[in-house]
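All chains are named by letter (A, B, ...) in the order of the sequence lines, taking the proteins before the strands, and each is independently numbered beginning at 1.
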There are 2 protein chains.
Amino acid sequence: MTEDARDEVDLLVAAWRAERPDLDVEPLQVLSRVSRLAKHLDRARRAAFAEHDLEPWEFDVLTALRRAGKPYELSPGALLRATLVTSGTMTNRIDRLAQAGLVRRRPDPEDRRGVLVSLTETGLARVDAAFDDLLRRERELLSGLGPADQRTLASLLRTLLTPFDSPL
Amino acid sequence: MTEDARDEVDLLVAAWRAERPDLDVEPLQVLSRVSRLAKHLDRARRAAFAEHDLEPWEFDVLTALRRAGKPYELSPGALLRATLVTSGTMTNRIDRLAQAGLVRRRPDPEDRRGVLVSLTETGLARVDAAFDDLLRRERELLSGLGPADQRTLASLLRTLLTPFDSPL
DNA sequence: GAGAGATATCTCGATGTCAAGACAGTACAC
DNA sequence: GTGTACTGTCTTGACATCGAGATATCTCTC
């Protein structure tokens, strides 16, 4: 038995056991920690991006374009699929990024309904610098685990994620 | 070498390696998966709560009260520390929960600045039912892993979380 | 016991998101 | 080629959140 409370989730689980002894709350041991870690990661991201005057949502759009490779150009539709936001949100984001001079919008020459969004020079430089910074912080966050443990963790998480992959 | 792409994060990492071969993107193997899993978990939560006519934010407040044990009563200040939201948000949440008949507000007899918020009968029944449902879905989400793997995963995640615990 | 600073809660304005729907253009069947 | 369904983007209105500040009360020191 692991009876000593080591982190806040252990305390949370202990509180539930006291109040609802009829329930098996083991799933919380994994999933509450996933949620909490994600929250801390969000803060680290926000901090890393703030150094480069970027909001997390800006970074998300810019990295999608960056990953696409030269000429760093995608349609709004492709961007919203990459970032999992709605079309209204994406329109709003592109508007603000264009106004900030980080992306450019131009009509799609092949489809008159369509638009193509591409990184500007500034946008490219900004996202590259921010990504570098983010990786530095992520490495720091993982520094408690050795390489072997990190691989184990990645592999277990992948198992949980595979059911979600193709659908949606 | 694990060269075959198994999930979307493997594809993401491969894309970064192609575009930024100068960077060590290994941290993404763990942390991108944490973020994504948290997102899927949010959806599962939303779905579980919808069955009981609860929004995630409502559940968060109600469970904090539920975990406190009889008489299921806490101050707004204690609630906002438990849920990590700002005071303005908590006021708003309590207003709406009270209007929905799930919690009650009464002046704190010991501190005239203060207020105490408690679960109503309806609130208690609602949160217990929703929690049961949530655990069922979480178990389903974890069904790809055996008990030993789940313990390993919980333990690795705990290691990553401990640095965050007491500070803040 | 009076004043300074801390604490508890609420109010208000701005922001980013989503959902639903509007609108233009395209694709395919007949 | 004409009609129907689909696709891509943008518009609008509602909503939950945050941050800053307002108000009331408590606490501690002198």
Contacted region of DNA chain D by chain B, from 5' end to 3' end of the hits, cut-off under 4.0 Å to heavy atoms, spans D:dA16 to D:dC26
Can you give me the N/O atom pairs linking the protein to nucleotides 10-14 of chain C at distances under 3.5 Å, or say none if there are none?
residue	atom	partner	partner atom	Å
C:dC10	OP1	B:Arg105	NH1	2.8
C:dC10	OP2	B:Thr91	OG1	3.3
C:dC10	OP2	B:Arg105	NH1	3.3
C:dC10	N4	B:Ser87	OG	2.6

Write down the atom of [X], the atom of [Y], and the distance for their closest heavy-atom approach.
{"X": "A:Ala18", "Y": "A:Pro21", "value": "O-CD, 3.8 Å"}
{"X": "B:Val34", "Y": "A:Ala38", "value": "CG1-N, 3.9 Å"}
{"X": "B:Pro109", "Y": "B:Leu116", "value": "CD-CD1, 4.1 Å"}
{"X": "B:Arg36", "Y": "B:Val9", "value": "CD-CG2, 3.6 Å"}
{"X": "B:Val103", "Y": "B:Ile94", "value": "CG2-O, 4.1 Å"}
{"X": "B:Gln29", "Y": "A:Ala154", "value": "O-CB, 3.8 Å"}

Can you name the side chain to side chain contact (heavy atoms under 4.5 Å, CB included) partners of B:Pro71, sequence neighbours left out?
B:Glu73
Atom pairs under 3.5 Å, N or O on each side, protein against nucleotides 23-25 of chain C: can you list them with distances?
residue	atom	partner	partner atom	Å
C:dG25	N2	A:Arg113	NH1	3.0

Taking side-chain hydrogen bond (donor to acceptor under 3.5 Å, both in side chains) as the test, write out the residues that go with A:Arg20, two or more places apart.
A:Asp22, B:Asp128
Check this for me, if you would: do [X] and [Y] make a salt bridge, where the nitrogen-to-carboxylate-oxygen distance has to be below 4.0 angstrom?
{"X": "A:Arg96", "Y": "A:Glu55", "answer": "no"}
{"X": "A:Glu26", "Y": "A:Arg17", "answer": "yes"}
{"X": "B:Arg126", "Y": "B:Glu58", "answer": "no"}
{"X": "A:Asp24", "Y": "B:Arg136", "answer": "no"}

Sorted by number, residues from residues 52-66 of chain B placing a heavy atom under 4.0 Å from DNA chain D are B:Trp57
Nearest-Å distance for atom pair CD/C1', residues A:Gln99 and C:dG16
15 Å
Taking 4.0 Å as the cut-off, does a side-chain nitrogen or oxygen of B:Arg46 come that near to OP1 or OP2 on C:dC18?
no
For B:Val85 and for B:Glu110, locate the closest nucleotide of DNA chain D by heavy-atom distance; then report the residue assigned to the nucleotide nearer the 5' terminus.
B:Val85
Just wondering, more than 12 heavy atoms not from A:Arg139 lying within 6.0 Å of its CZ?
yes
